[in-house]
Amino acid sequence: MHTQTLAASPALTPLLARGALLSPFKRPRRGGAVTPPTRLVLPGVRIDLAKLAAYERVCGYGVGADALPVTYPHVLGFPLAMRLMSARAFPLPLLGLVHTTVEIVQREALPATGEYELHVYVEGLAPHRRGTEATLVTEARGGGSLVWESRSTYLARHRTSQTSHRTSQTSQTSQTPQTSSAKAHAGPPPPPGEVRKTLPAMAEWRLGGDLGQRYGAASGDRNPIHLYPLTARLFGFRRPIAHGMWSVARCLAEHGVPEAVYVKAEFRAPVLLPGVVTYAAKGGAFELRGEGERVHLTGEVRPLA
């Protein structure tokens, strides 16, 4: 794998624009997709404490803690991930790409005043029943050691052998753009025959219509689907939707995590803004539910042995 060392973190807005322009020319198909062979490295990363405080406030973490929130290295590495996914070599279109899961392994507490080296690369591409899924890895190293890593999966929807034989069954079913988009942003349903256990409600959160703007300002992720009703409608939603990583961060801020921890979350349905959601948890399991007990997010927290 070719390693490319960057002098500074890339600006997200130009990357979003480039990804949008290139998306119409990328047509994922069954088989043939090649994993981009580039690993991006950003050394000497120092934390902007003002930006960190803004992130902590919007996500519900305590402000001014000695250690970084467990989700914050994802924010630091996201511009590198966007650079990879918006590049010509990345075979999937950035527009319509759906964040489906995230796994985090934190080996120790990361001091907010520390210096880190970030590594980001595409681990692989895999067929999915709804299209093709890419796995991106983000690593944070401190003092030469790997202290934090995550794996995020992103789904590009397209016809597959599993969907082709269902065409005749679905051709009679009409969908509004909003419904179609909501399904595109929903995660996998429970396996057939599995009964999902409802977790006890612990808190109710009323989310303002400006949540996407506030999280976007704190994290740098100003994807228009999260910002305003007008821009969200371009993607088939009548209202903006909350960032998936805000949902994870807010749940983990409420749940609490040990210094050495494994976290996994699955994004199942978008959270429309404004809105009301219920945080539920029991033991290491947590979830975020909406109206009609619709599950937006499921996750688990486990201490590392």
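All of these numbers come straight from a predicted model, not from anything done at the bench.
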Provide the closest heavy-atom pair for [X] versus [Y] in the form atom of the first, atom of the second, distance.
| X | Y | value |
| --- | --- | --- |
| Val248 | Val102 | CG2-CG1, 4.4 Å |
| Lys26 | Met85 | NZ-O, 3.9 Å |
| Ala201 | Thr278 | CB-CG2, 3.6 Å |
| Ala281 | Met202 | N-CG, 3.6 Å |
| Arg239 | Pro274 | NH2-O, 3.1 Å |
| Leu199 | Glu287 | N-OE2, 3.6 Å |

Residue pair [X] / [Y], side-chain heavy-atom distance below 4.5 Å:
| X | Y | value |
| --- | --- | --- |
| Tyr279 | His255 | yes |
| Ile104 | Trp148 | yes |
| Arg238 | Leu272 | yes |
| Ile241 | His226 | yes |
| Ser219 | Phe78 | no |
| Val122 | Pro36 | yes |
| Pro224 | Phe235 | yes |
| Val301 | Phe286 | yes |

Mind checking whether [X] and [Y] sit in one hydrophobic cluster, side chains of I, L, V, M, F, W, Y counted as touching below 4.5 Å?
| X | Y | value |
| --- | --- | --- |
| Val276 | Leu288 | no |
| Leu118 | Leu52 | yes |
| Ile47 | Val58 | yes |
| Leu16 | Tyr154 | yes |
| Val45 | Leu80 | yes |

Could you verify whether a donor N or O on one side chain and an acceptor N or O on the other, from His119 and Glu117, lie under 3.5 Å apart? yes
Does [X] have any ring pair (Phe, Tyr, Trp, His ring centres under 6.0 Å) partners at least two apart in sequence or in another chain, and if so, which?
| X | result |
| --- | --- |
| His296 | none |
| Tyr228 | none |
| Tyr262 | none |

Summary of side chain to side chain donor-acceptor pair (under 3.5 Å) pairs that have at least one residue in residues 50-61, sequence neighbours excluded: Tyr55-Thr71, Tyr61-Thr71
Show me the donor-acceptor pairs within less than 3.5 Å that the side chains of residues 135-147 make with the rest of the protein, sequence neighbours left out.
unit_1 : atom_1 : unit_2 : atom_2 : d
Glu139 : OE1    : Arg141 : NH2    : 2.8

Treating [X] as the side-chain partner and [Y] as the backbone partner, does any N or O pair qualify as donor plus acceptor under 3.5 Å?
| X | Y | value |
| --- | --- | --- |
| Ser23 | Leu94 | yes |
| Thr100 | Thr153 | yes |
| Arg46 | Thr113 | yes |
| Trp246 | Gly216 | no |
| His158 | Arg130 | no |
| His99 | Phe267 | no |

Considering only NZ, NE, NH1 and NH2 on the basic side and carboxylate oxygens on the acidic side, decide whether Glu259 and Arg107 come within less than 4.0 Å. no
Under 6.0 Å from the CG atom of Asp66, do we count more than 12 heavy atoms belonging to anything else shown? no
Tell me, yes or no, whether the heavy-atom count around Glu291 atom CD, taken from other residues, nucleotides or ligands under 6.0 Å, exceeds 12. no
Dump the intermediate steps for side-chain contact (heavy atoms from CB on, under 4.5 Å) on Arg83 and Leu40, then the final yes or no. CA-CA 9 Å; Arg83 177 159 172 167; Leu40 297 181; 3.9 Å; yes
Please lay out, stage by stage, how Leu97 and Leu155 fare under the test side-chain contact (heavy atoms from CB on, under 4.5 Å). CA-CA 6 Å; Leu97 209 57; Leu155 174 65; over 6 Å; no
Kindly confirm or rule out a cation-pi arrangement of Arg250 over Trp205, judged by NZ or CZ under 6.0 Å from the six-membered ring centre and within 45° of its axis? yes
Audit row: Leu297, Cys251, side-chain contact (heavy atoms from CB on, under 4.5 Å) steps and yes/no: CA-CA 9 Å; Leu297 171 77; Cys251 288; 3.9 Å; yes
Which side-chain N or O atoms in residues 206-214 pair as donor and acceptor under 3.5 Å with protein atoms at least two apart or in another chain?
unit_1 : atom_1 : unit_2 : atom_2 : d
Gln213 : NE2    : Leu227 : O      : 3.2

Would you sort out whether Ser86 and Arg18 count as a side chain to side chain donor-acceptor pair (under 3.5 Å), showing the intermediate values? CA-CA 6 Å; Ser86 64; Arg18 181 176 71 176; 3.0 Å; yes
